[in-house]
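Since the model is a prediction, treat every value here as computed from it, not as a measurement.
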Amino acid sequence: MDSLYITKEAIIKREANTIYLVRKGEKRSIPIHNLRDITCIAPVSFSSGAIKHVLNSGVVVHFFDMYGNYEGTLYPRERSISGEVVVNQAKHYIFWEKRKYIAKEMIEGIKHNILRNLKKSNKELEEIIEKIERVEVEGDSIEELMNREAQIWGYYYKSLDYTLKKFQLERRDYRPPINELNALISFGNTLLYSAVLTEIYHTHLNPSISYLHEPSERRFSLSLDIADVFKPTMVYRHIHDIVNHGIITEDDFRKEFNGVFLNEQGKRKYIRKWEDRMSSTVYHRRLKRSVSQRGLLRLEAYKLVKHVMNDKRYRAFRVWW
């Protein structure tokens, strides 16, 4: 299954049982049955017939605005419904000790994956590493746990100015991104969030019941939970690659409305390398086979299913390469 990214304004139409992408001077068919999702980075209009066909084919459609901010998702009718899973998923949110275990485990995964990134670097980062290692993931409320997570991310952000060859973070600010690095992080986070949501669709999980984030925070808040665990490995390693190898330069951004955003050329570069990363495989030691990095997202969702069904205790993803 493939992902389709639309980076130029277009119209999606249906003629008979074929879906076409139409834009000025171009009309091409889309192999809809070979797609897992469509990500619209540019303004895209769907005819009513196209929407029906896309959703009936089980294809998730994500929409971003012109600045790369996530706007929403067309989520097909769920095929993998399990009332038993949803009931148990909700119980693990309602009862604090059950929720606390999952939330803590997710933050422990984030902490491990950040430390793995830092220890792979050749830079002198001992002080930052020690500070992160000293953070104890404890708390009697979700707010306290999220404060510990924020503390870990705060230390990690300071390391970026040492490990990236260009672009300074200054501070994490995304409404709007105040500089190039903030723009890269925001764009990567939303791509990852969308990819996680697509993978959740293929499981029995309800994407609106979450543990680290409040379900009221966003309609599909479970995607935020799982995406956070993978950000160090997928988003930040990706940024290091495209920045330190000179793939993304100052020419790939535009300044507008007191913010800095990837331009069309920058988005295409980012997505091309992003898809390379997501489709690349790693050897999974427990499964004893190679798994794509995108496949790891679905495995994480399956681990949550097993946990809420009391089949196997959840342990958040910890990068091993």
Atom CD of E84: over 12 foreign heavy atoms under 6.0 Å: no
If you measure from the Lys or Arg side-chain nitrogens to the Asp or Glu carboxylate oxygens, is any gap between E138 and K104 under 4.0 Å? yes
More than 12 non-hydrogen atoms from neighbouring residues, nucleotides or ligands closer than 6.0 Å to CG on N258, yes or no? no
With a 4.0 Å cut-off on N to O distance, would you call E144 and R148 a salt bridge? no
If you apply the rule side-chain contact (heavy atoms from CB on, under 4.5 Å), what do you find for Y236 with T163, and how did you get there? CA-CA 11 Å; Y236 287 88; T163 56; over 6 Å; no
Check this for me: E71, atom CD, are more than 12 non-hydrogen atoms of other residues, nucleotides or ligands nearer than 6.0 Å? yes
State, with a plain yes or no, whether a side-chain heavy atom of Y20 is found less than 4.5 Å away from one of I30. no
Any side-chain heavy-atom pair of H284 and L299 under 4.5 Å: yes
D241 with K273: basic N within carboxylate O range, under 4.0 Å: no
Taking NZ, NE, NH1 and NH2 as the nitrogens, is one of them in E105 or R318 under 4.0 Å from a carboxylate oxygen of the other? yes
Please find the pair of heavy atoms, one from V60 and one from H62, that lie closest to each other, and give the distance. CG1-CE1, 3.4 Å
Step-by-step ring pair (Phe, Tyr, Trp, His ring centres under 6.0 Å) determination, W320 to H112: CA-CA 10 Å; W320 62 87; H112 170 94; 9.8 Å; no
Closest heavy-atom contact between P177 and S186? CG-OG, 4.2 Å
E15 and K27, any side-chain heavy atoms less than 4.5 Å apart: yes
Are any of the side-chain nitrogens in R28 or E26 under 4.0 Å away from the carboxylate oxygens of its partner? yes
With a 4.5 Å cut-off on side-chain heavy atoms, are R313 and H307 touching? yes
Would E180 and K166 pass as an ion pair if we require N to O under 4.0 Å? no
Quick one: CZ on F230 to CD on Q293, what's the gap to the nearest 0.5 Å? 9.0 Å
How far apart are the closest heavy atoms of P76 and G58, and which atoms are they? CG-C, 3.9 Å
Check this for me: K13, atom NZ, are more than 12 non-hydrogen atoms of other residues, nucleotides or ligands nearer than 6.0 Å? no
Given side chains that start at C-beta, do those of I239 and Y270 come closer than 4.5 Å, heavy atoms only? yes
Listed partners of R14 passing salt bridge (charged side-chain N to carboxylate O under 4.0 Å, His left out), at least two apart: none
Strictly under 6.0 Å, is that where the ring centroids of Y211 and Y314 end up? no
Is any side-chain heavy atom of V196 closer than 4.5 Å to a side-chain heavy atom of L224? no
Will you find, in the side chains of R36 and S3, an N or O donor that is under 3.5 Å from an N or O acceptor? yes
Check this for me: Y174, atom OH, are more than 12 non-hydrogen atoms of other residues, nucleotides or ligands nearer than 6.0 Å? no
Should the ring pair Y193 and Y70 be called parallel, tilted or perpendicular, given that the plane angle runs from 0 to 90° and is split at 30 and 60? perpendicular
Looking at Y156, I'd like to know if the NZ or CZ of R172 sits under 6.0 Å from its six-membered ring centre while staying within 45 degrees of the ring's axis. no
For S221 and S210, test the side chains for any donor-to-acceptor distance below 3.5 angstrom and give the result as yes or no. yes
Candidates R99, K91, E97 - the one meeting side chain to side chain contact (heavy atoms under 4.5 Å, CB included) with F95: K91
Below 4.5 Å, heavy atoms only, C-beta onward: do K52 and S48 meet side chain to side chain? no
Under the side-chain contact (heavy atoms from CB on, under 4.5 Å) criterion, do I32 and V59 qualify, and how do the steps go? CA-CA 8 Å; I32 200 72; V59 177; 4.0 Å; yes
Taking the side chain as every heavy atom from C-beta outward, state whether F64 and S194 have any pair of such atoms under 4.5 Å apart. yes
Exceeds 12 heavy-atom contacts within 6.0 angstrom, atom CD of E133: yes
Looking only at heavy atoms, what is the nearest atom pair of I128 and K158, with distance? CD1-C, 4.0 Å
Taking all non-hydrogen atoms of both residues into account, name the closest pair between N113 and F317 and its distance. ND2-O, 3.2 Å
Looking at E300 and K303, is any side-chain nitrogen of the basic one under 4.0 Å from a carboxylate oxygen of the acidic one? yes
Shortest non-hydrogen pair, K111 vs I132, comes out as CE-O, 3.2 Å
